[in-house]
Amino acid sequence: MSAAAPHVIVSPGPVHAALTSWYHHAARDLPWRRRDCTPWGVLVSEAMLQQTPVSRVVPRWQEWMRRWPEPKDAALAPVAEILTVWDRLGYPRRALRLREAAQTIVDRHGGRVPETADELRKLPGVGEYTAAAVACFAFEEPEVVVDTNIRRVLARLFAGQALPGKTYTADQRRLARDVFPDPEADGGQLACTWNIAAMELGALVCTARSPACSECPAAQLCTWRLAGSPPPTEEQRTRAQSWAGSDRQVRGAIMAALRIGGVVERSDLLDGLPLPTVDLVQRRRCLESLLSDGLAEQQGERVALPGAHSRC
DNA sequence: AAAGCGGGGCA
DNA sequence: TGCCCAGCTTT
């Protein structure tokens with residue numbers, strides 16, 4: 001037993017009622033939430049939404065689903081095309097893994113997205129969160145879903161903290177389980193709605209920077225609010241990864257050049273990138289890492305997106 | 001448990 | 001400029 005474990009004082013029941021009721025009229029109309037969205041569409045959305053805001057995902061999701069409406073379509077798509085459609089969503093390794101997941105679904109699941117969190121978890125790029133989310137949102141399985149929004153909402157509602165801290169700890173996982181609705185109460189309906197409602201509240205009302213507590217359906221039940229909304233501690237404040245000058249920036253610039261230029265001379269890639277600094281060691285390191293990741297391909301003295309045909 | 005991995009938008 | 005955003009993989 002951990003001495004630092006937060007104890008749930010507020011009864012979860014009224015909070016479940018407040019948030020799920022709120023969700024029914026406040027929810028955004030997102031394409032992957034519609035009745036006619038397939039499990040594959042839900043999986044694609046979750047892969048794209050890993051670390052990328054909804055507003056930037058919507059158009060890329062629509063283009064992806066138009067081209068590859070089923071797993072078998074994405075499984076056959078050239079990597080170059082996958083990465084081009086992915087465009088600047090970021091973390092392009094996610095796109096490769098989504099394609100690999102499609103291939104696994106075809107090879108091992110008859111082309112249909114598996115329905116349980118345990119099976120989903122085995123797919124490339126599918127971790128604890130995504131497995132639970134797809135099982136819940138696509139198949140109405142009452143899995144405990146915990147994303148960055150839900151972590152923050154639970155920290156405030158039940159632990160009285162302004163922010164949940166940078167890493168997902170065992171205490172937070174325990175809290176999420178402790179306040180989760182009874183999965184067997186009504187066939188899992190409440191549990192699934194609770195997941196999406198808590199997530200939506202975190203996205204629209206209980207935001208990280210300036211929460212709109214006056215609009216919160218659970219403000220009167222919120223432990224953090226009742227404690228006077230104490231500010232986050234120094235430890236809870238996340239320190240951002242630097243961006244300028246980072247390998248991620250250089251990798252991103254190389255990928256952008258490959259998407260636009262098709263097949264590019266290796267030398268042009270190393271000294272012709274639109275970046276503020278020219279660090280040849282770093283550029284070489286980043287190019288090698290992209291080749292190693294399978295995000296780029298060497299063709300003689302040229303470099304291209306994997307599968308892109310050379311002009312020779 | 002911590003580090004690495006994109007990119008855009010807003011305070 | 002700093003910070004935030006429907007995480008996963010590797011160590």
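Residue numbering restarts at 1 for every chain, and letters A, B, ... go by the order of the sequence lines.
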Do [X] and [Y] sit within salt-bridge range, that is, some charged N less than 4.0 Å from a carboxylate O?
X: A:R266; Y: A:E288; answer: yes
X: A:D171; Y: A:R174; answer: yes
X: A:D87; Y: A:R259; answer: yes
X: A:R28; Y: A:E200; answer: yes

Tell me the interatomic distance from [X], atom [atom1], to [N], atom [atom2], rounded to whole angstroms.
X: A:L49; N: B:dG8; atom1: CG; atom2: C1'; result: 15 Å
X: A:Q249; N: B:dG4; atom1: CD; atom2: P; result: 16 Å
X: A:L291; N: B:dC5; atom1: CG; atom2: C1'; result: 16 Å
X: A:Q241; N: B:dG8; atom1: CD; atom2: C1'; result: 15 Å
X: A:L258; N: B:dG6; atom1: CG; atom2: C1'; result: 15 Å
X: A:Q51; N: B:dG8; atom1: CD; atom2: C1'; result: 14 Å

Point to revise | Phosphate OP1/OP2 of B:dG6: any A:R251 side-chain N/O under 4.0 Å | key: yes
**Study point:** Side-chain heavy atoms of A:T223 within contact of A:R156, under 4.5 Å
**Key:** no
Practice item. Walking along DNA chain C from 5' to 3', note the first and the last nucleotide with an atom under 4.0 Å from a heavy atom of chain A, and give both. Key: C:dC3 to C:dT9
**Study point:** Strand contacts (DNA chain B) in residues 78-103 of chain A, 4.0 angstrom heavy-atom criterion
**Key:** A:R88, A:L89, A:G90, A:Y91, A:P92, A:R93
Check your understanding: Start at the 5' end of DNA chain C and walk down; is the nucleotide closest to A:W32 or to A:R209 reached first?
Key ->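 Comparing both residues, the 5'-ward one is A:R209.
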Review point. Taking for each residue the nucleotide of DNA chain C with the nearest heavy atom, is it A:R121 or A:S45 whose nucleotide lies nearer the 5' end?
Key: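 Nearest-nucleotide comparison on DNA chain C picks A:S45.
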Have a look at [X] and say if it touches a base, only the backbone sugar-phosphate, or nothing, with a 4.0 Å heavy-atom cut-off.
X: A:V126; value: sugar-phosphate
X: A:A133; value: nothing
X: A:T148; value: sugar-phosphate
X: A:R152; value: sugar-phosphate
X: A:E128; value: sugar-phosphate

Revision key, fill the gap. Of A:K72, A:R112, A:M65, the one forming a side chain to side chain contact (heavy atoms under 4.5 Å, CB included) with A:W40 is A:M65
Practice item. With A:R173 as the cation and A:Y168 as the aromatic partner, state whether NZ or CZ is under 6.0 Å from the six-membered ring centre and within 45° of the axis. Key: yes
Review point. Donor-acceptor pair under 3.5 Å: do we get one between A:S246's side chain and the base of B:dG6?
Key: no
Check your understanding: Do A:R56 side-chain and B:dG7 base share a donor-acceptor contact under 3.5 Å?
Key ->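 In this structure, the two groups form a donor-acceptor pair.
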Exercise for review: Can you tell me, in whole Å, how much space there is between the P of C:dA6 and that of B:dA3?
Suggested key: 23 Å
